[in-house]
Amino acid sequence: MTPPASPSTACAASQVAYDTGDYYHSIAWLEEAVSRFRLSYGSWNPEEERGSLEDALDHLAFSYFMAGNISHALTLSREFLHYDPSNQRVTRNVAKYKKLLASGGYQAGGPLRRPNATRLQSRDAYEELCQSLGAQPAPERPPRLGCSYETNGSPYLLLQPAKKETLRLQPYIALYHDFISDAEAETIKGLAGPWLQRSVVASGEKQQKAEYRISKSAWLKDTADPVVRALELRMAAVTGLDLRPPYAEYLQVVNYGLGGHYEPHFDHATVRRAWGGQRGGQRGGGLGGRFLGGPVVCAEVLRGIGAAVVALRRREKEKGEKEKREKEKGEKEKGEKEKGEKEVEGGRGASMGTPRSCGVRWGCGAAGLSGVSTNLTFSTFLLLGQSRKSPLYRMKSGNRIATVMIYLSAVEAGGSTAFIYANFSVPVVKNAALFWWNLRRNGDGDGDTLHAGCPVLAGDKWVANKWIHEHGQEFRRPCSRDPRD
């Protein structure tokens, strides 16, 4: 059973929400901290702990004030003054609260409401899964779920098969127990430790920090240490996929401290179609099923893609020329204003250019695509809908087809991996590896893989992520006969 949070732990967790103005959650944590301080009265030393109680009361009063409950803010502030009657700031707050209540203009607010976060529409399911203890019970256990020893046809696993537990069939999720040893986990953490930096997320052409991903991360090449290389070979054997560069990214090691989390997201790129809309982020929809129907469908698709590519190239060319004209105009005006000064280095920006010749390479049954260039795959073509400067596009190895996430440490409380639409969460299992497919066989993103890293409530969470890309996997995970699969 999850141990109850200590007062100091609850205070620390509340600070994360308080600092971002999320008073809905700061109130919940601060109420927990204050109640535990009150319950422990008589068993704790006021000289050592009173400051912590005062701090919790102070923050809780202000949180209630910001949430519109001035009456309760006044009550808490008065309790604060019971412990520190000489505090002038809180004394002024009490006078202010009294004045607001006496003015009659104040109307008591209703129950606390969660802040309106349009970015996170799945907040309720996310929090419910994170508060549960592991997987959600299913009405009936499918017969194909269970545990097994797997060699996956690999000589590497003959003497020590992988301990596989199939957790879900849709989306497909498997947990490999004892995937890594304690010594290997410590080595990985030790290698990554000096290089840890605040984790970032992709945002168009750039990568930036985000409040919905709170962690530190570092990247390790397989040449960093023999342990990393052995781990890469083990993942390749278990998944049956090609992990050689550039078919997979470097090993990402992530550390989540207290309160560290990653709100619901996809690992694969939810890229735009060239003719509008989104691909890869919806559940049960998308383009991919249309592209695997044989020669007739492929021919129709090629004609549609040809027209889309022409429009895309024209649009990007016009955009580049417009930017160039605007830049030259600005330079001219600046040159006239600063006549006699040297031209700024790099002032003449080059045009963004146009994509390379747009060929297609995918499985289209027995249909031949003679005369079609193969330097740009279908997935890469769709990625043009975002930006040619995005990190995913620059890899030129397609979208992320699968994820392997290795738990390098145990967690005292929290830290589960929650799959939102699948209504399913996986608790942290030390030294185990979690595997799932991000894409369907037809190349569509599997919307059921929307997942989150739940907040760490106590302890320290370490994971290692391996993201595997589409290219190089054509014969390892071939297309299905069913275009919807």
Side-chain angles (χ1 to χ4, degrees), residues 200-207 217-224 228-229 231-253 265-274 278-281 286-288 291-292 305 309 312 353-364 369 372-406 435-446 449 464-479:
V200 296
V201 297
S203 178
E205 300 177 3
K206 302 178 181 179
Q207 292 184 331
S217 59
W219 299 86
L220 297 179
K221 295 183 179 180
D222 60 358
T223 54
V228 182
R229 178 59 181 161
L231 193 59
E232 299 266 349
L233 293 174
R234 197 174 308 150
M235 287 187 285
V238 165
T239 62
L241 300 175
D242 193 341
L243 271 63
R244 297 173 300 169
Y247 305 136
E249 299 173 41
Y250 297 135
L251 188 70
Q252 186 194 52
V253 183
H265 63 282
F266 294 104
D267 281 355
H268 61 279
T270 54
V271 296
R272 296 182 180 181
R273 309 176 189 177
Q278 295 285 330
R279 172 185 180 265
L287 275 172
F291 288 84
L292 300 169
I305 285 183
V309 169
L312 180 64
T354 55
R356 296 181 181 178
S357 57
C358 200
V360 181
R361 178 166 58 88
W362 65 62
C364 272
L369 302 177
V372 179
S373 171
T374 60
N375 67 334
L376 185 62
T377 66
F378 169 58
S379 58
T380 305
F381 164 75
L382 286 178
L383 287 172
L384 290 176
Q386 282 194 336
S387 169
R388 298 193 310 281
K389 295 183 180 179
S390 69
L392 188 58
Y393 175 83
R394 287 200 301 267
M395 287 190 68
K396 297 190 181 298
S397 55
N399 211 339
R400 290 172 174 171
I401 192 174
T403 295
V404 179
M405 184 169 68
I406 306 169
F435 172 84
W436 68 86
W437 296 106
N438 294 308
L439 305 182
R440 302 180 187 276
R441 288 183 178 271
N442 61 15
D444 274 348
D446 189 342
T449 62
N465 296 315
K466 190 69 175 180
W467 287 305
I468 308 166
H469 286 243
E470 289 177 286
H471 294 195
Q473 323 304 338
E474 292 85 351
F475 298 103
R476 296 171 185 264
R477 196 197 188 211
C479 300

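Checked against T403 for a side-chain hydrogen bond (donor to acceptor under 3.5 Å, both in side chains), the options N438, T449, T239 give a single hit: N438. Paired with R400 under the rule side-chain hydrogen bond (donor to acceptor under 3.5 Å, both in side chains), one option of E470, E249, H268 passes, and it is E249.
Minimum heavy-atom separation, H471 to G398: NE2-N, 3.5 Å.
At a threshold of 4.5 Å between non-hydrogen side-chain atoms, the residues Y247 and H469 do not count as touching. In this structure, L251 and M235 have side chains that are in contact, with non-hydrogen atoms separated by less than 4.5 Å. Residues D222 and L243 have side chains not in contact (no heavy-atom distance under 4.5 Å, counting atoms from C-beta outward).
The CE atom of M405 sits 15.5 Å away from the NZ atom of K466 when rounded to the nearest 0.5 Å. Note: R476 CZ to D242 CG = 4.5 Å, rounded to the nearest 0.5 Å. I401 CD1 to R440 CZ: the interatomic distance, rounded to the nearest 0.5 Å, is 13.0 Å.
Looking only at atom types and distance, the side chain of D267 has a donor-acceptor partner in the side chain of W467 under 3.5 Å away.
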